[in-house]
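Okay, so here's the structure we're looking at.
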Amino acid sequence: MSKILKNIHSDLAFTNNLINWGKSFGRKNLPWNPSYGKKIDPYKVWLSEIMLQQTQFRTGVKYFERFIKHFPNVKNLAESEIETVLSFWSGLGYYARAKNMHKAAKIICSGGKVNFPKSASDWKKLPGIGFSTAAAISAFTVNEKQPIMDANVIRIVARQHKLIERIGSAKLQKKIFIICSKHLPKSNSDMPIYTQSIMDLGALICRPKEPLCDLCPVSECCLSFLEGKVGNYPVKKKKVFKNIKRVSWIIPHTQDSIALVQSKDSKLWENFWIPIEIQENNLIPKKACFLKRFKLPISNFIFDISVWGILCKRKNFEGGVRWFKNSNLNEKPIPSSVKKAISFL
DNA sequence: CTCCCGTCAC
DNA sequence: GTGACGGGAG
């Protein structure tokens with residue numbers, strides 16, 4: 001048998017085995033899937049794709065439910081204040097996702113009526129939607145045949161084909177695109193189950209660490225598995241040194257309230273409410289009381305934060321702070337790490 | 001420590 | 001084409 005013919009057969013086997021596995025063992029009853037007989041909602045699919053980027057499924061689902069309850073449709077989202085939107089994203093991180101969704105919702109609703117994109121290339125024009133997300137949304141909503149190439153797929157395909165190019169390189173991207181294009185199911189109507197299955201395979205079986213190759217439906221066409229070298233793929237990016245930033249957080253507080261400032265000058269936590277920040281070598285106010293020091297790894301640097309409290313009799317602290325009742329902090333955009341710092345008070 | 005992925009600046 | 005950036009969870 002020629003090599004090409006063999007490859008076609010293994011591509012076919014890959015897709016069929018994957019879809020059959022997905023039908024039996026993939027995730028079911030996802031909250032963004034339509035109930036029986038209902039049409040799929042592009043807004044929910046879109047939100048789920050954005051929320052589940054960089055976020056574990058279990059965590060994401062809880063936020064998804066809460067978000068949908070408050071913003072049941074795209075018009076609702078478009079007409080809401082950004083601060084409200086951010087407060088429902090608070091704790092998920094990567095807050096640019098929420099800001100971009102809000103912007104995109106306004107675009108979708110501009111012109112007086114709701115106008116969702118009908119193709120991957122149109123989805124991609126919206127802020128916050130890249131190649132992979134656009135393909136996934138259009139696969140689910142209009143059965144468009146586009147290869148999704150999220151981190152799950154990159155991991156699966158790099159292992160299957162022993163790709164040695166580093167994650168993020170243009171070469172790897174190109175190779176995976178070609179391979180994935182061959183994996184696409186014949187029928188457009190199989191795009192949703194195919195897309196869901198490959199994502200589930202990456203999340204449940206072909207995991208970053210400790211992949212469950214014994215349970216994998218496509219291990220027989222996985223070159224790295226056959227050689228016992230699954231751990232070598234995909235080839236990771238070079239590590240970069242993380243700078244450490246020493247800061248002090250000063251939190252004036254009364255019995256029932258705390259004082260925060262709105263982050264404006266920094267891209268990090270922009271528009272979120274955070275403590276007064278003092279650089280390492282500046283003076284800590286005399287009245288401040290040291291509470292705790294903790295490290296907070298951000299993507300490319302490490303925060304080394306000392307938390308100081310100032311107990312106030314009245315809510316009259318200088319410096320543009322706003323006072324918040326402890327009881328309604330949940331309604332405000334506040335990063336998790338700030339909530340953690342507050343818990344030391 | 002590692003993992004997630006889209007955007008933007010160069 | 002490459003790399004910095006961003007946050008939380010495991």
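Just so we're on the same page: letters track the sequence lines, and every chain starts at 1.
For C/dG7, the base has a donor-acceptor partner in the side chain of A/S299 [N/O atoms by modelled type, under 3.5 angstrom].
A close approach under 4.0 Å does occur between a side-chain nitrogen or oxygen of A/N300 and OP1 or OP2 of C/dG6. The shortest distance between the side-chain N/O atoms of A/T59 and the OP1/OP2 oxygens of C/dG8 is not below 4.0 Å. Distances shown here put every side-chain N or O of A/Y94 at or beyond 4.0 Å from the OP1 or OP2 atom of C/dC5. Contact annotation: A/R97 side-chain N/O to C/dG6 OP1/OP2 distance is not under 4.0 Å.
Of the candidates B/dG6, C/dG8, B/dC3, C/dG8 carries the atom nearest the A/S337 side chain, counting heavy atoms from C-beta on. The side chain of A/K267 sits closest to C/dG6 out of C/dG8, C/dG6, B/dG6. Candidate nucleotides B/dT2, C/dG7, C/dG8 were compared by shortest atom distance to the side chain of A/I298, and C/dG7 ranks first. Listed candidates were B/dG6, C/dG10, C/dG7. Nearest to the side chain of A/T133 is B/dG6.
Salt-bridge check for A/K175 with A/E165: passed, with a basic side-chain N closer than 4.0 Å to an acidic carboxylate O.
Aromatic rings from A/F67 and A/Y63 are positioned such that their centres are separated by 6.0 Å or more.
Residues A/D304 and A/R293 have side chains in contact (heavy-atom distance under 4.5 Å, counting atoms from C-beta outward).
Along DNA chain B, the nucleotide nearest to A/L52 and the one nearest to A/N100 differ in position, and the one closer to the 5' end is contacted by A/L52. Summary of the strand contacts: A/R58 and A/K237 both lie near DNA chain C, and taking for each the nucleotide with the nearest heavy atom, the more 5' one is attributed to A/K237. Residue-to-nucleotide proximity on DNA chain C shows that, of A/T55 and A/K209, the 5′-proximal contact is made by A/T55. If you find the closest nucleotide of DNA chain B to A/D150 and to A/K103, the one lying nearer the 5' end belongs to A/D150.
Geometric assessment of A/K242 against the ring of A/F301 yields a negative cation-pi assignment under the 6.0 Å and 45° thresholds.
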